[in-house]
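Note that the structure is a prediction, hence the values are computed from the model and not measured. Residue numbers begin at 1 in each chain, while the letters A, B, ... track the order of the sequences.
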2 protein chains.
Amino acid sequence: MTATKAERHSAILELVTHGSAHTQHAIAAALARRGMRATQATISRDIQELGLVRSGSGYRSSSGLVRELVLSVEFIDPMAVIRTPPGTANLVARRIDEAALPGIAGTVAGDDTIIAVLRKRSAGRALKELLANAG
Amino acid sequence: MTATKAERHSAILELVTHGSAHTQHAIAAALARRGMRATQATISRDIQELGLVRSGSGYRSSSGLVRELVLSVEFIDPMAVIRTPPGTANLVARRIDEAALPGIAGTVAGDDTIIAVLRKRSAGRALKELLANAG
DNA sequence: AGTCAAACTGCATAAAGATGCGTTGGTCCA
DNA sequence: TGGACCAACGCATCTTTATGCAGTTTGACT
């Protein structure tokens, strides 16, 4: 492998975002064009790890919606302040609660703002990943 | 068939809501227990029509979150007018598009309102099923 | 350096899902 | 009533995805 697994994951997410990920073979082919060798079996595992779902004729991120609802995330030790569109804070907060990240002590949601209390600084990364990728 | 297609769809959505829809064969078996006969092929088509997605080990509604953003749905032949919280109409509309319901010709989204153009009246049912609970 | 454990991947194959085609049962209209 | 038309299905089959297993690579620790 000339490329790392993380690079491959990034490339796959990019394909998904562009809507050009219809089958796992197609993804493998697209990766090959970028010089990344990987078999369908590997892609299958990648997709599982990235939490992607297939709907209709292509793959997409399962938490795309949450990601789009998150306007900003700011860390102020030991909390994270998350801004969302008006009236949607509860939705996003619930999604965060459902993820049950061990580093998150709890969340409070207002109308367009969420405050999450972190048990430790490192939990910030997990939270950021949840909001930026798949859950 | 003693049961109608709509009843079967409702039953499937209920299974999905309860998280007990892991494979199409399993769904067929569950339906059989309720006295509804249907083959995997039919379930496959149903799932397409209902816009469900398979993630990990089971099917679920692609619109769990979307559902909560939908304030109201009104049908005015041949359209559906959907109200959402301010600023979220585009999100919901995109989700509807992604579900790729065959009966929906297209959607336009403003700030808090979506208009979906239906190919036929019956598509309204599918849309309602997508946006509302096991109806 | 040498060793062990864990992570990663390909191969082969099983499992799951999609679809072309033909049949059936209903509806509409002359 | 007879026929045209059409949505809904099942069957058989093809495509797409998941996975058990074994070989290889990576890293941490002596």
Using atom [atom1] of [X] as one end and atom [atom2] of [N] as the other, report the distance to the nearest whole Å.
| X | N | atom1 | atom2 | value |
| --- | --- | --- | --- | --- |
| B:His25 | C:dA14 | NE2 | P | 16 Å |
| A:Ile27 | D:dT15 | CD1 | C1' | 15 Å |
| A:Gln40 | D:dA18 | CD | C1' | 7 Å |
| A:Asp46 | D:dT17 | CG | P | 13 Å |
| B:Leu31 | D:dA8 | CG | C1' | 15 Å |
| B:Ile47 | D:dT17 | CD1 | C1' | 15 Å |
| A:Glu49 | D:dA18 | CD | P | 12 Å |
| B:Ile43 | C:dA16 | CD1 | P | 15 Å |

- Query: Is A:Glu49 salt-bridged to A:Arg8, going by a charged N under 4.0 Å from an acidic O?
  - Reply: no
It should be established whether [X] places a side-chain nitrogen or oxygen under 4.0 Å from OP1 or OP2 of nucleotide [N].
| X | N | result |
| --- | --- | --- |
| A:Ser44 | D:dT17 | no |
| A:Arg8 | C:dT9 | yes |
| B:Thr42 | D:dC9 | no |
| B:Gln24 | C:dA18 | yes |
| B:Arg54 | C:dG17 | yes |

- Message: Under a plain distance cut-off of 3.5 Å, with no hydrogens placed, do B:Arg83 and B:Thr113 share a side-chain donor-acceptor pair?
- Response: yes
- Query: With respect to the side chain of A:Ala41, which nucleotide from D:dT19, D:dC9, C:dT19 is positioned closest?
  - Reply: D:dT19
- Between B:Pro85 and B:Asp112, what is the shortest heavy-atom contact and its length? O-CB, 3.9 Å
- Kindly indicate whether the side chain of B:Arg45 and the base of D:dG10 share any N or O donor-acceptor pair separated by less than 3.5 Å? yes
- Task: Keeping the roles fixed (side chain from A:Ser20, backbone from A:Val16), state whether a donor-acceptor pair exists under 3.5 Å.
- Result: no
- Task: Scan B:Gln48 against the nucleic acid and name what it touches under 4.0 Å (heavy atoms): base, sugar-phosphate only, or nothing.
- Result: nothing
- Query: Taking the side chain as C-beta and beyond, is there a heavy-atom pair between A:Val53 and A:Tyr59 under 4.5 Å?
  - Reply: no
